[in-house]
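Treat the numbers as computed from the prediction; the structure is a model and nothing was measured. When a residue number appears, it is its place in the shown sequence, counting from 1.
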Amino acid sequence: KLCKIFDIITDSTPLLLSRPDPSNESKQPPSLDETIERCIGEFGLAQLLQAILVSFAWVFDAQQTFISVFTDAEPKWHCTSDSCTSVSDICHLPQNSWAWDSPKDTSIISEWGLECASSIIKGLPASSFFMGCLIGGLMLATLADSLLGRKNLLFLSCLMMSFSGLFTVFSNNIWIYSALKFVNGVGRATIGTCALVLSTELVGKRWRSQVGVIGFFCFTLGFLTLPAFAYMNRGSSWRTLYLWTSVPTIFYSILVHFLVRESPRWLFVRGRKEEAVTILKSIATAGSSGILMSFSNLEFGKESWNVDTYSAIKILLKKKWACRRLLTVMAVVFGIGMVYYGMPLGLGNLSFNLYLSVTFNALSELPASLVTFFLVDKLNRKDSLLVFTTLSGVCSILSVVMGETSANLQMGLELVSFFCACTAFNISLIHTLELFPTCVRNSAISMARQSLVFGGMFSPVLVAVGSKNRFLSYGIFGMVIGICGLFVIFLPETRGRTICDTMDEEEYNSTNNDLPVLG
């Protein structure tokens, strides 16, 4: 190993974009990815701590995504007079003939008297949240690749999400509440994307997939803590749940600002070499310091275009190979989003205890993360996506067809479908990360996540309609994810490939057998 380090240091050929040596024209200079990996060295404690701290943002992402399952739930009610029966329509009963089982302020439905409102009104807060996620993703997605960088956008997004959630406590009607949920969605939109990209760009290729899965574990942790918080505060105001999830996010945002490092890859692509070298020195493992000295004379050329706020998406759409990949990924992820967001929101329509149902769904994300973590280096991206999306669709439809005979069977099929959708989502993010170069990677993953959210936007309406006919919710979920999953056959396989940093490098690879699998 020392001999290799000595060779790199004493090599007269610059490490990046140097003038070819006439005596050895066949020798190619190392890519940015290879050079940074040599500097970082093996996976060390500093990189692990950075990856965990960045990935912890997914905890708060999950809590805000699914918090409406409890705060917007329609509480149980009981009759208080003989003129009322348990099968009566609550909207056709006198006000003094029935009462809520819990205090009125446990849900926005009971506090604001929305029990007889239309499905559109009841689903307005959740739809506003997803609409905010969609618009926020489109507005903020490219800032991580251009002006702000990964770290700063993660910090600002967490701060916006936390304060909007905190201000939600002061809502006194559904319109103000929905507006704040929209702002909350705008802030939440890019958190997962920034956390995933930043954590994976701080490590080498060997550990990139495993580090990416840490975020999925954190999302599962956030999903699991939500029913725990809700159960501990059962009977209390729905506002308490927002306090429990928003205040810790504020403190986390402060930690991100002071402790998290910016991506050295992004800094190099932006031409900020000195800052990148400083960060590499802080996270490099022992034995790599000699290589870091060679960065003092590095010359790294920026992209041939100016990467302003929206140019990353423009570049993706102008390049035919990039546009084809992006649209295909978005089609696949759209179907996943219908199940991924729709099933948890529809748990209130099942006969199971709501706390247990949400807990079971959150727990099903854990094996999905484990499958991704341990098998990500062995699974072909295309084949695994096709299998999991198909299985999810079949189980979702079967939960409607066969679930009527047994509540336990219905819940089991729902869990299998949700587990497959979670696994497909995890693999699709890793696949997308590998399909696009550093200069537009954050924007590409963000667009894929917006497609996921776009699929989720339809979920509240379908869940409301499906309360009387489950095929209009779970049946449609299954058909959409099954059909959209077929588009994966048009994507190249990326397992085992070194990721690229520039569009020119990726385009060269795409025109040479379009990323054949190594090994």
A.B. asks: Evaluate whether atom CE of Met131 has more than 12 neighbouring non-hydrogen atoms of other residues, nucleotides or ligands under 6.0 angstrom away.
C.D. replies: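 12 or below, so no.
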
A.B. asks: How are the rings of Phe458 and Phe454 set to each other: parallel, tilted or perpendicular (split at 30° and 60°)?
C.D. replies: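 Answer is perpendicular, since the angle exceeds 60°.
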
A.B. asks: Could you give the distance from CZ (Phe223) to SG (Cys218), rounded to the nearest 0.5 Å?
C.D. replies: 15.5 Å

A.B. asks: Could you give the distance from SG (Cys116) to NZ (Lys122), rounded to the nearest 0.5 Å?
C.D. replies: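 Cys116 SG to Lys122 NZ: 7.0 Å, rounded to 0.5 Å.
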
A.B. asks: Going through the distances and angles, do Ser396 and Met343 end up as a side-chain contact (heavy atoms from CB on, under 4.5 Å)?
C.D. replies: CA-CA 9 Å; Ser396 182; Met343 285 196 162; 3.4 Å; yes

A.B. asks: Apply side-chain contact (heavy atoms from CB on, under 4.5 Å) to Phe70 and Phe229, showing your working.
C.D. replies: CA-CA 10 Å; Phe70 296 102; Phe229 290 164; over 6 Å; no

A.B. asks: For Tyr242 and Asn184, test the side chains for any donor-to-acceptor distance below 3.5 angstrom and give the result as yes or no.
C.D. replies: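 Distance-only check fails for Tyr242 and Asn184.
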
A.B. asks: Output the distance between atom CD1 (Ile445) and atom CG (Leu433), rounded to the nearest 0.5 Å.
C.D. replies: 4.0 Å

A.B. asks: Could you go through the side-chain contact (heavy atoms from CB on, under 4.5 Å) check for Leu415 and Met411 one step at a time?
C.D. replies: CA-CA 6 Å; Leu415 288 174; Met411 190 66 192; 4.2 Å; yes

A.B. asks: How many angstroms lie between atom CG of Leu413 and atom CG of Leu409, to the nearest 0.5 angstrom?
C.D. replies: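 Taking CG in Leu413 and CG in Leu409, the distance rounds to 4.5 Å.
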
A.B. asks: One pair to check against disulfide bond (SG atoms under 2.5 Å apart): Cys395 and Cys420. What are the steps and the verdict?
C.D. replies: CA-CA 9 Å; Cys395 290; Cys420 292; 5.8 Å; no

A.B. asks: Between Thr245 and Gln64, is there a side-chain donor-acceptor contact under 3.5 Å, judged purely by atom types and distance?
C.D. replies: yes

A.B. asks: How far apart are the C-alpha atoms of Ser417 and Ser392, what are their side-chain angles, what is the distance that settles it, and do they pass the side chain to side chain donor-acceptor pair (under 3.5 Å) test?
C.D. replies: CA-CA 4 Å; Ser417 179; Ser392 177; 3.1 Å; yes

A.B. asks: Assess whether atom CZ of Phe487 is packed by more than 12 heavy atoms of other residues, nucleotides or ligands within 6.0 Å.
C.D. replies: no

A.B. asks: Nearest heavy-atom pair of Thr106 and Trp238: which atoms, and what distance?
C.D. replies: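 It is O-CB, 3.7 Å.
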
A.B. asks: Where do Glu414 and Leu347 come nearest, in terms of heavy atoms and distance?
C.D. replies: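 Reported closest heavy-atom pair: OE2-CD2, 3.8 Å.
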
A.B. asks: How far apart are the closest heavy atoms of Ser451 and Ala331, and which atoms are they?
C.D. replies: OG-N, 4.5 Å

A.B. asks: Could you tell me which non-hydrogen atom of Leu385 sits nearest to which non-hydrogen atom of Ile427, and how far apart they are?
C.D. replies: CG-CG2, 4.0 Å

A.B. asks: Under the 3.5 angstrom rule, does the side chain of Ser199 hit a backbone N or O of Leu196 as a donor-acceptor pair?
C.D. replies: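 Between the backbone of Leu196 and the side chain of Ser199 there is a qualifying donor-acceptor contact (under 3.5 Å).
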
A.B. asks: Heavy-atom count check: over 12 atoms from other residues, nucleotides or ligands less than 6.0 Å from Leu356 CG?
C.D. replies: yes

A.B. asks: Got a donor-acceptor contact below 3.5 angstrom from the Glu493 side chain to the Lys382 backbone?
C.D. replies: yes

A.B. asks: Please state whether the rings of Phe60 and Phe56 are parallel, tilted or perpendicular, taking 30° and 60° as the class boundaries.
C.D. replies: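 If you compare the ring of Phe60 with that of Phe56, the planes turn out perpendicular.
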
A.B. asks: Parallel, tilted or perpendicular: which one describes the rings of Tyr341 and Phe66, with boundaries at 30° and 60°?
C.D. replies: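 Tilted: the ring planes of Tyr341 and Phe66 meet at 30° to 60°.
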
A.B. asks: What class does the angle between the rings of Tyr340 and Phe418 fall in, given that below 30° is parallel, 30 to 60° is tilted and above 60° is perpendicular?
C.D. replies: parallel

A.B. asks: Determine, step by step, whether Leu491 and Leu435 satisfy the side-chain contact (heavy atoms from CB on, under 4.5 Å) criterion, reporting the C-alpha distance in whole Å, the side-chain angles of both residues, the deciding distance to 0.1 Å, and the verdict.
C.D. replies: CA-CA 9 Å; Leu491 291 173; Leu435 282 170; 4.2 Å; yes

A.B. asks: Please confirm whether the backbone N or O of Val197 pairs with a side-chain atom of Thr200, one donor and one acceptor, at under 3.5 Å?
C.D. replies: yes

